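Everything below concerns the one structure shown next.
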Amino acid sequence: MCSIMGYCDAGVVLSDFEKGFQETISRGPDQSRIVDTGRGVLAFHRLSIMGLTPEGMQPFQLGNNWLVCNGEIYGFEAIKERLAAKYAFKSGSDCEILLPMYREYGVNMFNMLDAEFALILYDADADDYVAARDPIGIRPLYYGYDKRGVIVFASEAKNLVNLCKEILPFPPGHYYKGGKFVCYHDISNVVEICHDDLTTVCDNIHKKLVKGVEKRLVSDSKVGFLLSGGLDSSLVCAIAQRCYDKPIRTFAIGMTEDAIDLKYAQQAADFIGSEHTAVYMTKDETIVSLEDVIKLLGTFDVTTIRASMGMYLLCKWIHENTDIRVLLTGEISDELFGYKYTDFAPSPEAFQEESQKRVRELHMYDVLRADRCISVNSLEARVPFGDLDFVRYVLSIDPAKKVNVYNKGKYLLRRAFEEGGYLPHEILYREKAAFSDAVGHSMVDYLKAYAESCYNDEEYQEKRARYSHATPFTKESLLYREIFEKYYPGQGAMIVDFWMPNKSWKGCDVNDPSARVLSNYGASGE
């Protein structure tokens with residue numbers, strides 16, 4: 001990961017800007033630079049992943065135009081080769097192609113990118129700033145207006161807390177130009193339903209996911225893998241291992257007393273032949289880390305915070321004990337193929353609507369969690385299930401084939417990898433268990449008990465009433481909101497609501513986001 005920030009006019013108070021920018025130094029600890037564009041400033045903290053030489057340092061300049069980008073541009077070599085006839089490139093950085101692309105194609109370039117990115121660009125010819133974000137929002141970007149009414153962009157909300165009264169997430173799949181936000185690609189919008197037969201669907205899922213993993217292995221820095229032992233991360237690791245002639249490095253975490261994931265992660269690692277490390281977390285580590293986790297996340301959402309505890313501690317261990325800089329993860333599969341609660345979808349159409357909603361909101365929940373837990377530890381996240389071609393295809397599949405009519409959730413994904421010996425049957429058909437539950441049921445129990453000890457019933461009712469947006473609904477959610485407000489005062493609108501099952505569906509009207517409260521949890525806890 002890297003960190004970017006831009007003040008889009010002259011007259012910046014540089015000391016205030018620098019103070020805000022310093023908040024995300026962990027995203028890019030290798031080198032930092034701030035440049036005056038002549039009409040504002042652009043800033044960059046570098047985490048060297050591609051093009052490790054000094055020439056790969058940003059901001060990039062072309063004529064009087066400047067650009068900063070936190071991103072990975074897949075297949076950039078082919079674009080670079082086409083542009084090389086007119087432009088001289090100085091580095092191996094994938095992001096160096098972006099200014100030449102802008103000169104050639106303008107804002108049409110964004111639909112040409114196969115990328116995870118957030119960028120800010122100063123167009124000197126138009127004396128205007130352009131900003132943009134990838135269609136899923138895998139790379140973070142926020143914005144706000146300072147007291148002079150100047151728009152300020154930054155990788156994280158914490159960069160803007162002392163500069164802007166209101167901070168909002170930059171909408172994924174949009175660009176900003178001429179003072180307006182324009183949608184260039186709504187990936188959740190399915191133009192035409194795909195009616196491929198089941199065999200063809202599974203064959204395409206297989207091919208597109210393999211391709212999505214393979215392209216994310218390209219790195220000038222060392223790559224590692226988060227392996228929970230669940231279906232999604234295990235598939236990513238199994239595919240990746242086939243691309244290497246030596247064992248990949250995989251990592252898992254669980255509670256000392258009742259970890260569910262660790263035994264399955266070890267089983268998957270033994271099967272694919274990875275060099276595996278199991279890390280243990282304790283009750284004390286969980287409670288002590290809670291405030292730091294909420295601060296780094298910039299959210300009050302219960303699900304996101306619970307799931308971040310293990311991920312943060314695992315990434316912290318990897319940062320402190322290895323020289324790995326890139327981590328592949330299994331996020332975004334659930335939004336496409338279904339959660340435990342989507343088994344209760346009343347119709348295929350309802351399932352599809354829910355899936356599209358979850359994809360639109362990913363940048364506030366699972367994607368946010370993966371980005372912050374990994375980047376705060378000076379690592380980069382890559383998410384194969386977020387491959388644009390893969391996401392577009394799976395969203396387009398006839399929802400009648402995606403709903404759980406097979407007595408097994410995510411059946412299409414499982415069937416797609418039945419042949420070829422990728423995983424043992426027990427892992428390929430393992431019941432879904434949410435990460436926050438599968439690190440050990442005790443972790444969530446400890447967090448809930450800790451929150452209960454912080455308020456009596458009268459205090460809880462009085463304090464929760466202070467929040468009209470996303471009103472806390474348990475003592476745990478109140479505790480998280482109060483810690484959030486300590487670091488992001490008055491910025492609750494950054495998160496649209498609590499991540500919860502669809503309460504309008506029969507069987508899903510629950511008061512806790514954990515799948516443990518659902519009647520179909522079954523073998524997920526084993």
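All heavy atoms count here, side chains included; hydrogens, waters and symmetry mates do not. If you're wondering where the values come from, they're calculated on a predicted model, not measured in any experiment.
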Is there a side-chain contact between [X] and [Y] (heavy atoms, below 4.5 Å)?
X      : Y      : value
Phe417 : His206 : yes
Tyr105 : Phe110 : no
Val190 : Gln356 : yes
Leu99  : Leu121 : yes
Arg369 : Thr329 : no
Leu67  : Gln58  : yes
Val68  : Leu119 : no

Donor-acceptor pair, side chain of [X] and main chain of [Y], under 3.5 angstrom:
X      : Y      : answer
Glu96  : Phe60  : no
Asp30  : Ser48  : yes
Asp94  : Ile73  : yes
Arg249 : Gly224 : no
Arg27  : Ile4   : no

Cut-off 3.5 Å, side chains only: do [X] and [Y] have a donor facing an acceptor?
X      : Y      : answer
Asp197 : Thr200 : yes
His319 : Ser378 : no
Asp186 : Ser188 : yes
Glu23  : Asn159 : no
Tyr102 : Asp123 : yes
Ser233 : Ser228 : yes
Tyr74  : Asp389 : no
Tyr521 : Glu431 : no
Tyr264 : Glu426 : no
Glu418 : Tyr422 : no

| query | Ser333 and Lys410: which non-hydrogen atoms are nearest, and at how many Å? | reply | OG-NZ, 3.3 Å
| request: Provide the closest heavy-atom pair for Arg33 versus Pro59 in the form atom of the first, atom of the second, distance. | output: NH1-O, 3.3 Å
| Distance in Å, Leu262 CG paired with Ile253 CD1, rounded so as to fall on 0.5 Å steps | 8.5 Å
| remark: Between the SG atom in Cys508 and the CE atom in Met500, the distance rounded to the nearest 0.5 Å is 10.0 Å
| task | Starting from the C-alpha separation in whole Å, work towards a yes-or-no answer on salt bridge (Lys or Arg N to Asp or Glu O under 4.0 Å) for Asp114 and Lys215. | result | CA-CA 10 Å; Asp114 179 10; Lys215 70 174 69 169; 2.6 Å; yes
| Should Tyr184 and His174 be marked as a ring pair (Phe, Tyr, Trp, His ring centres under 6.0 Å) after you check the CA-CA gap, both sets of side-chain angles, and the distance that decides it? | CA-CA 5 Å; Tyr184 70 87; His174 285 66; 7.6 Å; no
| task | Decide yes or no on salt bridge (Lys or Arg N to Asp or Glu O under 4.0 Å) for Arg358 and Asp334, but give the supporting numbers first. | result | CA-CA 9 Å; Arg358 292 304 182 187; Asp334 292 338; over 6 Å; no
Measure the acute angle between the ring planes of [X] and [Y], then classify it against the limits of 30° and 60° as parallel, tilted or perpendicular.
X      : Y      : answer
Tyr143 : Phe153 : tilted
Trp317 : Phe251 : tilted
Tyr411 : Tyr406 : parallel

| task | Determine, for Arg325 against Glu380, whether the closest basic-nitrogen to carboxylate-oxygen distance falls under 4.0 angstrom. | result | no
| message | Consider salt bridge (Lys or Arg N to Asp or Glu O under 4.0 Å). Of Lys208, Arg216, Lys211, which one does Asp387 pass it with? | response | Arg216
